[in-house]
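Data block below; observations after.
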Amino acid sequence: MAKVKIPVNKVQELRVICKKFNNDPGELINVLHEAQNLLGYLPAEVQEIVAEELNVSVAHVYGVVTFYSFFSMLPKGKHPISICMGTACYVRGAEKVLEEFKRRLDIKVGETTPDGKFSLSCLRCVGACGLAPVITIGERVYGRVSPEDVKKILDEY
C-alpha cells in the first residue's frame, strides 16, 4: 500500500489535537475521534504521529483503531453507505440489498468508488430492527429497503 503524504498543516493540527488532551494516553480514543474528523480516516501515518505524541506504541494505537468499527484506516466516500447485517435485517434480506449496492457501485465492502462519492460498509446493528432491512447513508436512515429501492436511493445523491 502506498504511503500517505499528510500535508504539513494537517500534521500540525494533529499535534494540536493531542496537546488539547494533554498528550494523555488515556485520551487515545478521543484523540482518534478528532483526528478522524479532521482527515476523514486514520492511515498508518496518522497513527504514528498520535503514538509519538501520546508516547504509546504504534501497535497500541493500531489495536484501538482496528478494534472499534467507528474508526477507518481507508478514506470514506462523500456519502458513506452502511448496510445493517444484524439478525432482523439479515433475515429480511439485507444480503440481497448489499449485493445490489455492490453491483450498482461496482465496489466491494470496505471500498470507495473511484470518484470518491460512495463507500460501502456493513454494520452489526443500527437499532431500528422494526424497519429491517436498514441502511444508512451518512446520518440518514432508510428502512424496509429492498434491492429494487437501491437505484432510487443512489439517484438521490
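All values reported here derive from a predicted model rather than from experimental measurement.
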Legend entry - Electrostatic pair E52:R15 at N-O distance under 4.0 angstrom: yes
Inset, instruction - Over all heavy atoms of both residues, which pair between C125 and C129 is shortest? Give the atoms and the distance, please. - result: SG-SG, 4.0 Å
Inset, instruction - Count the heavy atoms belonging to other residues, nucleotides or ligands that lie under 6.0 Å from CG of D115, then report whether that count exceeds 12. - result: yes
Inset, instruction - Would you mind reporting whether Y142 and E156 have side-chain heavy atoms less than 4.5 Å apart? - result: yes
Inset, instruction - Determine whether more than 12 heavy atoms belonging to other residues, nucleotides or ligands lie under 6.0 Å from atom CZ of F71. - result: yes
Legend entry - Heavy-atom check, side chain of I107 versus side chain of T112, under 4.5 Å: no
Inset, instruction - Would you confirm whether T113, through its side chain, and F118, through its main-chain N or O, come within 3.5 Å as a donor-acceptor pair? - result: yes
Legend entry - Given V31, I29, L28, the one that forms side-chain contact (heavy atoms from CB on, under 4.5 Å) with F21: V31
Inset, instruction - Verify, without hydrogens or angle tests, whether Q47 (side chain) and L42 (backbone) share a donor-acceptor contact under 3.5 angstrom. - result: yes
Legend entry - Residue pair L32, V61: steps toward the side-chain contact (heavy atoms from CB on, under 4.5 Å) verdict: CA-CA 9 Å; L32 291 173; V61 175; 4.1 Å; yes
Legend entry - Side chains of I153 and I135 in contact at under 4.5 Å (non-hydrogen atoms): yes
Legend entry - N55 atom CG: more than 12 heavy-atom contacts under 6.0 Å: no
Legend entry - M73 side chain reached by T66 side chain, heavy atoms, under 4.5 Å: yes
Legend entry - Heavy-atom side-chain contact between E45 and K5 under 4.5 Å: no
Legend entry - OH (Y157) with more than 12 external heavy atoms under 6.0 Å: yes
Inset, instruction - Compare all side-chain heavy atoms of K102 with those of E111 and state whether any distance is below 4.5 angstrom. - result: no
Inset, instruction - May I ask you to decide if S146's main-chain N or O and R92's side chain share a donor-acceptor pair within less than 3.5 Å? - result: no
Legend entry - Spacing of I49 atom CD1 and L54 atom CG [to the nearest 0.5 Å]: 11.5 Å
Legend entry - Close side-chain approach of L154 to F101, heavy-atom, < 4.5 Å: yes
Legend entry - Short side-chain to backbone donor-acceptor contact, N22 and D24, under 3.5 Å: no
Legend entry - C84 to C89 - nearest heavy-atom pair and separation: O-CB, 3.4 Å
Inset, instruction - With rounding to the nearest 0.5 Å, note down the distance linking OG in S121 to CG in L98. - result: 9.5 Å
Legend entry - Check: E148 main-chain N/O paired with E100 side-chain donor or acceptor under 3.5 Å: no
Inset, instruction - Indicate yes or no: at least one non-hydrogen side-chain atom of V134 is less than 4.5 angstrom from one of L123. - result: no
Legend entry - Shortest non-hydrogen separation from N23 to E53 and the atoms involved: ND2-O, 3.0 Å
Legend entry - F67, CZ atom: more than 12 neighbouring heavy atoms under 6.0 Å: no
